[in-house]
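Structure first, commentary second.
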Amino acid sequence: MIDGQPTYGNLGLRNALRIRTNIYANSLPTDVIVKIPLDPPSGMSRQTFALELVKRAQNFASYVSPYSVPAKVFGSRMRPGEYNSSSYLAALLKSVMGYVPDVKVAGYQAPGWENPMALHFFKGEALR
């Protein structure tokens with residue numbers, strides 16, 4: 001599993017509340033509520049899809065973008081330039097799939113999904 005949660009004081013105040021890549025190998029964080037199955041793009045194997053996601057996540061320029069919290073969770077949208085973990089995942093998927101998949105889970109919203117981070121963050125090109 002890969003996510004883009006904010007950092008906290010454990011990495012120094014300069015990096016506090018900035019988005020970073022977190023990769024969980026062989027385990028899930030205990031607070032995972034929703035799991036969404038994804039199919040790879042046409043012509044791409046599941047293994048290649050997984051490897052590309054990990055590769056792009058490892059190339060992500062962590063600690064560059066501040067983590068933004070939506071004004072309200074339900075019915076809220078992030079403003080341009082505001083990013084959160086949903087913006088991170090939407091952009092990561094777009095960087096491999098070429099589009100942001102439509103994700104709808106009854107009873108849940110994902111503010112930030114509609115505003116993916118810029119793809120250059122996943123190419124190692126953003127300034128750190």
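Each residue takes its place number in the sequence, starting with 1.
Taking both residues in full, the closest heavy atoms of Ser87 and Gly112 are given as OG-O, 3.1 Å, listed atom of the first, atom of the second, then distance. Across Pro101 and Tyr99, no two heavy atoms sit closer than the pair CD-O, 3.5 Å.
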List the steps and the verdict of side chain to side chain contact (heavy atoms under 4.5 Å, CB included) for Asp3 and Tyr88. CA-CA 8 Å; Asp3 74 24; Tyr88 169 92; 5.5 Å; no
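With values rounded to the nearest 0.5 angstrom, Lys94 atom NZ is found 5.5 Å from Leu119 atom CG. Taken from CG in Leu93 to CZ in Arg56, the straight-line distance is 11.5 Å, to the nearest 0.5 Å. The OG atom of Ser86 sits 12.0 Å away from atom CE of Met117, with the distance rounded to the nearest 0.5 Å. Separation of atoms CE (Met97) and CG (Leu92) is listed at 10.5 Å; rounding is to 0.5 Å. Taken to the nearest 0.5 Å, the CD1 atom of Ile23 stands 11.5 Å off from the CZ atom of Phe60. Rounding to the nearest 0.5 Å places CZ of Arg46 at 8.5 Å from CG of Leu38.
Distance alone, capped at 3.5 Å, is enough to place a donor-acceptor pair between the Arg18 side chain and the Val64 backbone.
Here the side chains of Phe49 and Val96 are in contact, with some heavy-atom distance below 4.5 Å. Between Ile19 and Tyr67 there is a side-chain heavy-atom pair separated by less than 4.5 Å.
Under the 30°/60° scheme for interplanar angles, the aromatic rings of Phe121 and Tyr83 are found to stand perpendicular.
Annotation: side-chain hydrogen bond (donor to acceptor under 3.5 Å, both in side chains) contacts of Ser45 (sequence neighbours excluded): Thr48. With sequence neighbours left out, Glu52 forms a side-chain hydrogen bond (donor to acceptor under 3.5 Å, both in side chains) with no residue at all. Here Ser65 pairs with nothing under the side-chain hydrogen bond (donor to acceptor under 3.5 Å, both in side chains) rule; sequence neighbours left out.
Under a hydrophobic clustering in which Ile, Leu, Val, Met, Phe, Trp and Tyr are joined whenever their side-chain heavy atoms come within less than 4.5 Å, directly or via other members, Leu89 and Leu51 fall into different clusters.
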